[in-house]
Amino acid sequence: QVRLAESGGGLVQTGGTLRLSCAAAGRTFSSGTMAWLRQAPGKEREFVAQIRGASGFTMYADSAKGRFTISRDDTKNMLYLQMNSLKPEDTAVYYCAARTSVSARTDRYDYWGQGTQVTVSS
(Lines give C-alpha, C1' and ligand atoms only; values in the text may rest on other atoms or scores of the structure.)
Protein backbone atom coordinates (compact mmCIF):
# COMPACT_ATOMS: atom_id res chain seq x y z
CA GLN A 1 0.00 0.00 0.00
CA VAL A 2 1.35 3.38 -1.00
CA ARG A 3 1.43 6.06 1.65
CA LEU A 4 2.57 9.68 1.57
CA ALA A 5 3.10 11.46 4.88
CA GLU A 6 3.83 15.18 5.12
CA SER A 7 5.55 16.93 8.00
CA GLY A 8 7.19 20.25 8.75
CA GLY A 9 4.26 22.61 8.71
CA GLY A 10 3.70 25.20 11.40
CA LEU A 11 3.31 28.85 12.29
CA VAL A 12 5.86 31.31 10.99
CA GLN A 13 6.09 35.08 10.65
CA THR A 14 6.12 36.93 7.35
CA GLY A 15 9.53 36.57 5.77
CA GLY A 16 10.27 33.36 7.60
CA THR A 17 11.18 29.93 6.29
CA LEU A 18 9.82 26.42 6.55
CA ARG A 19 10.88 23.11 5.09
CA LEU A 20 8.17 20.60 4.35
CA SER A 21 8.96 16.93 4.04
CA CYS A 22 7.02 14.07 2.50
CA ALA A 23 7.89 10.47 3.23
CA ALA A 24 6.78 7.98 0.59
CA ALA A 25 6.23 4.35 1.48
CA GLY A 26 5.10 1.39 -0.57
CA ARG A 27 6.82 2.36 -3.81
CA THR A 28 9.35 4.74 -5.23
CA PHE A 29 8.62 7.66 -7.54
CA SER A 30 12.15 8.38 -8.72
CA SER A 31 11.02 7.82 -12.31
CA GLY A 32 7.59 9.35 -11.83
CA THR A 33 6.25 12.68 -10.73
CA MET A 34 5.98 14.17 -7.26
CA ALA A 35 4.48 17.50 -6.37
CA TRP A 36 3.32 19.90 -3.73
CA LEU A 37 -0.11 21.46 -3.89
CA ARG A 38 -1.91 23.65 -1.38
CA GLN A 39 -5.40 24.65 -0.40
CA ALA A 40 -6.24 27.83 1.45
CA PRO A 41 -9.53 28.25 3.34
CA GLY A 42 -12.37 28.91 0.94
CA LYS A 43 -10.20 28.37 -2.11
CA GLU A 44 -9.59 25.55 -4.54
CA ARG A 45 -6.51 23.43 -4.26
CA GLU A 46 -3.68 24.85 -6.36
CA PHE A 47 -0.41 23.60 -7.76
CA VAL A 48 2.79 24.78 -6.09
CA ALA A 49 5.72 22.79 -7.46
CA GLN A 50 6.56 19.56 -9.22
CA ILE A 51 9.61 17.38 -9.77
CA ARG A 52 9.55 14.64 -12.34
CA GLY A 53 11.54 12.00 -14.11
CA ALA A 54 14.91 10.54 -13.44
CA SER A 55 16.50 13.89 -14.28
CA GLY A 56 14.52 15.64 -11.57
CA PHE A 57 13.10 18.35 -13.80
CA THR A 58 11.31 20.95 -11.70
CA MET A 59 8.39 23.23 -12.37
CA TYR A 60 6.85 25.95 -10.19
CA ALA A 61 3.73 28.01 -9.96
CA ASP A 62 4.37 31.71 -10.49
CA SER A 63 3.60 32.32 -6.82
CA ALA A 64 6.40 29.96 -5.80
CA LYS A 65 9.13 30.93 -8.26
CA GLY A 66 12.18 32.42 -6.61
CA ARG A 67 10.97 31.60 -3.09
CA PHE A 68 10.28 27.86 -2.98
CA THR A 69 12.52 24.97 -3.95
CA ILE A 70 11.30 21.42 -4.50
CA SER A 71 13.73 18.56 -4.18
CA ARG A 72 13.77 14.86 -3.53
CA ASP A 73 16.09 12.28 -2.06
CA ASP A 74 15.58 9.03 -3.92
CA THR A 75 17.78 7.12 -1.50
CA LYS A 76 15.37 7.97 1.31
CA ASN A 77 12.20 8.13 -0.78
CA MET A 78 11.62 11.67 0.43
CA LEU A 79 10.24 14.83 -1.14
CA TYR A 80 10.95 18.30 0.21
CA LEU A 81 9.72 21.84 -0.21
CA GLN A 82 11.98 24.60 1.05
CA MET A 83 9.91 27.73 1.48
CA ASN A 84 11.63 31.08 1.96
CA SER A 85 10.32 34.63 2.24
CA LEU A 86 6.94 33.37 3.30
CA LYS A 87 3.91 35.62 2.96
CA PRO A 88 0.49 35.54 4.64
CA GLU A 89 -1.01 34.45 1.32
CA ASP A 90 1.05 31.27 1.53
CA THR A 91 -1.14 30.16 4.43
CA ALA A 92 -2.75 26.87 3.43
CA VAL A 93 -2.77 23.14 3.92
CA TYR A 94 0.09 21.76 1.86
CA TYR A 95 -0.29 18.36 0.24
CA CYS A 96 2.27 15.98 -1.15
CA ALA A 97 1.13 14.14 -4.27
CA ALA A 98 2.63 11.59 -6.64
CA ARG A 99 1.98 9.64 -9.77
CA THR A 100 3.88 6.88 -11.48
CA SER A 101 3.89 8.57 -14.88
CA VAL A 102 6.07 11.44 -16.01
CA SER A 103 3.98 14.36 -17.18
CA ALA A 104 3.88 18.12 -16.98
CA ARG A 105 0.27 17.96 -15.82
CA THR A 106 -0.18 19.80 -12.56
CA ASP A 107 -3.29 17.91 -11.55
CA ARG A 108 -4.50 14.30 -11.39
CA TYR A 109 -2.08 12.56 -9.14
CA ASP A 110 -2.47 8.93 -8.15
CA TYR A 111 -1.50 9.30 -4.51
CA TRP A 112 -2.01 12.01 -1.91
CA GLY A 113 -0.87 12.73 1.59
CA GLN A 114 -3.09 13.99 4.40
CA GLY A 115 -1.63 17.49 4.32
CA THR A 116 0.25 19.72 6.71
CA GLN A 117 -0.87 23.17 7.83
CA VAL A 118 1.29 26.19 7.09
CA THR A 119 0.28 29.47 8.69
CA VAL A 120 2.12 32.70 7.98
CA SER A 121 1.34 35.55 10.34
CA SER A 122 1.58 39.19 9.29
Side-chain angles (χ1 to χ4, degrees):
Q1 183 177 2
V2 177
R3 181 172 177 265
L4 301 178
E6 304 95 336
S7 61
L11 174 64
V12 64
Q13 291 185 334
T14 296
T17 65
L18 279 175
R19 188 192 193 210
L20 305 183
S21 300
C22 173
R27 71 163 297 144
T28 61
F29 296 96
S30 57
S31 59
T33 304
M34 298 192 79
W36 290 97
L37 297 93
R38 68 187 183 186
Q39 187 166 19
K43 296 186 177 181
E44 293 187 354
R45 187 154 52 190
E46 65 175 3
F47 169 79
V48 176
Q50 181 190 91
I51 185 166
R52 62 180 186 264
S55 64
F57 183 83
T58 58
M59 187 169 72
Y60 296 90
D62 288 343
S63 59
K65 287 179 181 177
R67 299 188 301 127
F68 295 0
T69 302
I70 188 171
S71 63
R72 71 183 191 212
D73 185 337
D74 293 336
T75 64
K76 299 179 180 178
N77 219 13
M78 294 288 293
L79 178 73
Y80 304 100
L81 184 69
Q82 177 68 42
M83 303 188 293
N84 300 329
S85 303
L86 283 161
K87 305 174 183 180
E89 51 263 44
D90 294 317
T91 296
V93 176
Y94 283 71
Y95 297 91
C96 172
R99 59 174 173 253
T100 56
S101 62
V102 176
S103 168
R105 290 192 66 140
T106 58
D107 61 350
R108 295 191 179 183
Y109 295 92
D110 300 323
Y111 307 100
W112 293 85
Q114 293 298 309
T116 185
Q117 176 70 46
V118 171
T119 303
V120 184
S121 63
S122 57

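Here the CD-OG distance, from Gln13 to Ser121, works out to 5.0 Å after rounding to the nearest 0.5 Å. With rounding to the nearest 0.5 angstrom, the CG atom of Leu18 is 8.5 Å from the OG1 atom of Thr116. From Phe47, atom CZ reaches atom CG of Asp107 across 10.0 Å, with rounding to the nearest 0.5 Å. One distance of note links CG of Leu86 with OG1 of Thr14; it measures 8.5 Å at 0.5 Å rounding. Here the straight-line distance linking atom CD of Gln117 with atom CG of Leu11 works out to 9.5 Å at 0.5 Å rounding. We find the OH-CE distance between Tyr111 and Met34 to be 11.5 Å, quoted to the nearest 0.5 Å.
The shortest non-hydrogen separation linking Cys96 to Leu79 is SG-CD2, 3.8 Å. Arg99 and Arg108 get closest at one heavy-atom pair: NH1-O, 3.5 Å. Between Leu4 and Ala24, the shortest heavy-atom contact is CD2-CB, 3.6 Å. For the pair Val118 and Met83, the tightest heavy-atom approach, listed with the atom from each and the gap, is CG2-CE, 3.9 Å. Taking both residues in full, the closest heavy atoms of Tyr94 and Ala92 are given as CD1-O, 3.4 Å, listed atom of the first, atom of the second, then distance. Heavy-atom minimum distance, Ala97 versus Leu37: CB-CD1, 3.8 Å.
Put simply, the side chain of Gln82 never gets that close to the backbone of Arg19: no donor and acceptor are under 3.5 Å apart. Looking at Asn77, its side chain does come within 3.5 Å of a backbone N or O of Arg27 through a donor-acceptor pair. Counting only distance, with no hydrogens or angles, the side chain of Thr100 and the backbone of Gly32 share no donor-acceptor pair below 3.5 Å.
Partners of Tyr80 by ring pair (Phe, Tyr, Trp, His ring centres under 6.0 Å), not counting sequence neighbours: none found.
Side-chain contact check for Glu89 versus Val120: every heavy-atom pair is 4.5 Å or farther apart. At least one side-chain heavy atom of Gln39 sits under 4.5 Å from a side-chain heavy atom of Tyr95. Contact annotation: the side chain of Lys76 never approaches that of Ser21 to less than 4.5 Å [non-hydrogen atoms, C-beta and beyond].
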Would you tabulate the side-chain donor-acceptor contacts of residues 49-57 under 3.5 Å, counting partners in other chains and residues two or more places apart, or write 'none'?
{"unit_1": "Gln50", "atom_1": "OE1", "unit_2": "Arg52", "atom_2": "NH1", "d": "2.7"}
{"unit_1": "Gln50", "atom_1": "NE2", "unit_2": "Arg105", "atom_2": "O", "d": "2.7"}
{"unit_1": "Gln50", "atom_1": "NE2", "unit_2": "Tyr109", "atom_2": "OH", "d": "3.1"}

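Trp36 and Tyr60 fall within the same hydrophobic cluster, where Ile, Leu, Val, Met, Phe, Trp and Tyr residues are linked whenever their side-chain heavy atoms come under 4.5 Å apart, directly or through other members.
Heavy atoms of other residues, nucleotides or ligands lying less than 6.0 angstrom from CD of Gln114 number 12 at most.
The only member of Asn84, Thr17, Asp90 that meets side chain to side chain donor-acceptor pair (under 3.5 Å) when paired with Arg67 is Asp90.
Taking the ring axis of Phe29 as reference, the NZ or CZ atom of Arg72 does not stay both within 45° of it and closer than 6.0 Å to the ring centre.
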